[in-house]
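Note that this is a predicted model, so its numbers are computed, not measured. Both backbone and side-chain heavy atoms feed into the values below; hydrogens, waters and symmetry mates do not. All chains are named by letter (A, B, ...) in the order of the sequence lines, taking the proteins before the strands, and each is independently numbered beginning at 1.
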Number of protein chains: 2
Amino acid sequence: MASGPLTPAEILEAARKRVPGMGIATVYRNLKLFLRSGLAREIALPGSSSRYELFNLEHHHHFQCRDCLQVYCLHGCPGGLHALTPEGFVLEEHEIVLYGRCAGCNLDYKM
Amino acid sequence: MASGPLTPAEILEAARKRVPGMGIATVYRNLKLFLRSGLAREIALPGSSSRYELFNLEHHHHFQCRDCLQVYCLHGCPGGLHALTPEGFVLEEHEIVLYGRCAGCNLDYKM
DNA sequence: TAAAAATTGATAATAGCTTATCAGTTTCAG
DNA sequence: CTGAAACTGATAAGCTATTATCAATTTTTA
């Protein structure tokens with residue numbers, strides 16, 4: 001299980017550990033099917049190409065380390081987002097991304 | 001004042017109302033300066049190119065309409081994000097994006 | 001005001017990601 | 001088996017967004 005959503009290139013790299021010789025086209029092809037059928041969703045972050053994750057996971061959010069750029073899944077959700085929604089708007093979904101420094105990079109920094 | 005963060009193309013379009021003949025290169029050039037000096041920040045959303053907004057605004061978040069794709073600024077912040085941050089991680093910033101239907105599109109839908 | 005430096009718009013070039021193509025292979029129904 | 005349909009990997013092609021280039025113009029400096 002991945003620690004967070006993956007870019008197509010990362011998906012390819014991971015898949016090749018089980019299916020050596022897989023091509024990037026297959027990744028994009030299946031990704032598109034997964035997205036269309038609602039099995040996966042796209043997470044866009046500044047500075048890199050979109051990442052994707054399976055949509056059968058518990059509702060959660062993400063943390064990107066400013067140092068190693070790794071994206072981690074978090075547990076839980078602060079809630080209270082309806083309070084931000086303007087009059088007349090309908091809130092359907094939301095995405096929260098935290099930015100900072102992960103434990104590993106934070107440690108490196110101190111040494 | 002814009003209702004939300006703009007793509008480079010939208011920035012160009014807006015700027016040309018005041019400075020006709022401005023080129024896209026100038027937009028990117030100045031955007032890069034703004035970003036480097038911390039005057040502007042980048043908002044990435046799935047499906048479109050990054051949007052940018054001035055960073056001298058009150059802390060706030062965004063709402064994208066699934067219908068017209070317009071991005072709106074919201075007021076306020078739910079807080080409580082430190083509770084999501086794993087042990088050993090350092091939280092520096094965060095971004096919240098709500099998705100749904102804006103008042104205008106919601107109205108159209110009902111008619 | 002003259003020369004140097006900085007900025008501009010147009011557009012060519014680049015870069016990166018995504019899709020299309022195609023021949024070879026696999027799957028599967030009959 | 002057997003033929004049709006679906007799928008595959010490699011790679012060419014396409015597409016967008018961004019950057020580099022360059023001559024012309026504007027601004028700055030002394």
Extract from the structure each pairing of a protein N or O with an N or O of nucleotides 11-21 of chain C at less than 3.5 Å, listing the distance.
residue	atom	partner	partner atom	Å
dT18(C)	OP2	Tyr28(A)	OH	2.3

Worksheet item: Which whole-number value in Å describes the distance from Leu6(B) CG to dA17(D) C1'?
Response: 17 Å

Response to the item:
When rounded to whole Å, the CE to C1' distance for the pair Met22(A) and dT8(D) reads 9 Å

Practice prompt. Please confirm whether Phe89(A) and Phe63(B) have ring centers closer than 6.0 angstrom.
Written response: yes

Worksheet entry | His94(B)-His59(B) aromatic ring centre distance below 6.0 Å | yes

Discussion item. I'd like to know whether Glu95(A) forms a side-chain contact (heavy atoms from CB on, under 4.5 Å) with Glu95(B), so could you lay out the CA-CA distance, the side-chain angles of the two residues, the decisive distance to 0.1 Å, and finally the verdict.
Written reply: CA-CA 8 Å; Glu95(A) 181 65 45; Glu95(B) 181 64 48; over 6 Å; no

Practice prompt. Any side-chain hydrogen bond (donor to acceptor under 3.5 Å, both in side chains) involving residues 69-84 of chain A? Give me the pairs, sequence neighbours left out, ordered by first then second residue.
Written response: Ser3(A)-Gln70(A)

Worksheet entry | Spacing between Glu10(B) atom CD and dT18(D) atom P, to the nearest angstrom | 12 Å

Fill in: From CA spacing to verdict: side-chain contact (heavy atoms from CB on, under 4.5 Å), Gln64(B), Glu93(A)
CA-CA 10 Å; Gln64(B) 183 173 39; Glu93(A) 264 184 276; over 6 Å; no

